[in-house]
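Side chains are part of it too, since the values below use all heavy atoms of this structure and drop only hydrogens, waters and symmetry mates. Because the structure is a prediction, the values reported are computed rather than measured. Residue indices begin at 1 and follow the sequence shown.
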Amino acid sequence: MDRVTQTEEKKKAEATRRISDIYDWAGTAIFALIFIVIVFTFLFRIVGVDGDSMNHTLQNGDRLVLTGSFGYTPEQGDIVVINRYTQQPLIKRVIALEGQKIEITMDGRVLVDDEEIDEPYVKGGLTPQRDLIQAQVVPEGYVFVMGDNRSNSHDSRSQDIGFISVEDIVGKAVFRLWPFDKIGGL
């Protein structure tokens, strides 16, 4: 083999290697993109807080990470995102689950199964005339939700919202991303 042939073969081998590297890089990038789409579609979502109904726990403009609703079963005290009742998703706290009895008394106490629940996260008191709820059982497949800022929250106490179907829960808020000075688990 002469030098010209060897040089041409080296150039061909190098060009083939570059093309192979480009295909490898493109394949890795496509796989990573598909993986990210799957993760953020089924496992996690990022949502923004719009409004003051969850003050002091959450503030307007906070950014939250949600676990996906796939396989999620709500629990009392969870902060959930609901998507169905208004133009913007609702962010509320689960107060009572299916089969539990919920009642808001004349003196503003929240009772679940005839026991007052401990709510250290609540801001603002209830207005007994507006918020009075006669004892009622949460239907199967539904939950009762309220905002932490009770005097400024559109939630299950409202006639137009009422009980929330578990199917309408987008996910559970588990982590605050923004603002950085409040970053952490919920």
Evaluate the criterion side chain to side chain contact (heavy atoms under 4.5 Å, CB included) for residue pair Val112 and Lys101; output intermediate values, then yes/no.
-> CA-CA 5 Å; Val112 175; Lys101 183 169 67 168; over 6 Å; no
Taking a hydrophobic cluster as the set of Ile, Leu, Val, Met, Phe, Trp and Tyr residues connected by side-chain heavy atoms closer than 4.5 Å, whether directly or through intermediates, do Phe31 and Ile22 fall within one such cluster?
-> no
Should Val80 and Ile91 count as side-chain neighbours, where that means a heavy-atom distance under 4.5 Å?
-> no
Minimum-distance pair of heavy atoms, taken over all atoms of Lys92 and His154 | CE-O, 3.1 Å
CG-OG distance between Asp155 and Ser153, expressed to the nearest 0.5 angstrom | 3.5 Å
To the nearest 0.5 Å, what is the distance between CD1 (Ile102) and CE (Met146)?
-> 7.0 Å
Could you grab the distance from atom OG of Ser53 to atom CG of Leu58, nearest 0.5 Å is fine?
-> 8.5 Å
Can you name the closest pair of heavy atoms from Tyr142 and Val166 and give their distance?
-> N-CG2, 4.0 Å
Apply the test side chain to side chain contact (heavy atoms under 4.5 Å, CB included) to residues Phe163 and Glu98: give CA-CA distance (whole Å), side-chain angles for both, the deciding distance (0.1 Å), then the verdict.
-> CA-CA 10 Å; Phe163 296 115; Glu98 67 180 17; over 6 Å; no
Say whether, by atom type as modelled, one donor and one acceptor occur between the side chain of Ser158 and the main chain of Asp160 under 3.5 angstrom.
-> no
Step by step, work out the side chain to side chain contact (heavy atoms under 4.5 Å, CB included) result for Val81 and Leu90.
-> CA-CA 6 Å; Val81 175; Leu90 297 174; over 6 Å; no
Heavy atoms only: give me the nearest Val145-Ile164 pair and the separation to one decimal.
-> CG2-CG1, 3.6 Å
Could you state the interatomic distance from CG (Asp50) to CG (Asn60), rounded to the nearest 0.5 Å?
-> 5.5 Å
Separation between CG of Asn55 and OH of Tyr121, rounded to the nearest 0.5 Å = 15.0 Å
In terms of hydrophobic clustering (I, L, V, M, F, W, Y; side-chain heavy atoms under 4.5 Å; direct or indirect links), are Ile36 and Trp25 co-clustered?
-> no
Is it true that a side-chain atom of Ser20 and a backbone atom of Thr16 form a donor plus acceptor pair closer than 3.5 Å?
-> no
His56 and Asn149: side-chain donor and acceptor closer than 3.5 Å?
-> no
Should Phe144 and Arg157 count as side-chain neighbours, where that means a heavy-atom distance under 4.5 Å?
-> yes
pair Ile104-Gln134: side-chain heavy atoms closer than 4.5 Å | no
Answer yes or no: does atom CD of Glu75 have more than 12 heavy-atom neighbours from other residues, nucleotides or ligands under 6.0 Å?
-> no
Do you know the tightest heavy-atom contact between Pro74 and Leu97?
-> O-CD2, 3.6 Å
Would you mind checking if Asp78 and Arg93 are paired as a salt bridge, meaning a charged N to carboxylate O distance below 4.0 Å?
-> no
Do Leu111 and Val94 belong together in a cluster built from hydrophobic side chains that touch within less than 4.5 Å?
-> no
Minimum heavy-atom separation for Gly48 to Arg63, with atom names?
-> CA-NH1, 2.9 Å
Any side-chain heavy atom of Lys123 within less than 4.5 Å of one from Asp148?
-> no
Once you round to the nearest 0.5 Å, how far does CD of Glu116 lie from CD of Glu119?
-> 8.0 Å
Side chain to side chain contact (heavy atoms under 4.5 Å, CB included) between Val110 and Glu103, worked out = CA-CA 6 Å; Val110 178; Glu103 178 180 5; over 6 Å; no
Other than Tyr23, which residues form its hydrophobic cluster under the rule that side-chain heavy atoms must be closer than 4.5 Å?
-> Ile19
Identify all side-chain donor-acceptor contacts of residues 173-186 below 3.5 Å with residues at least two apart in sequence or on another chain.
residue	atom	partner	partner atom	Å
Arg176	NE	Lys182	O	3.0
Arg176	NH1	Thr57	O	3.2
Arg176	NH1	Asp62	OD2	2.6
Arg176	NH2	Thr57	O	3.3

Donor-acceptor contact present, side-chain Asp113 to main-chain Gln100, <3.5 Å | no
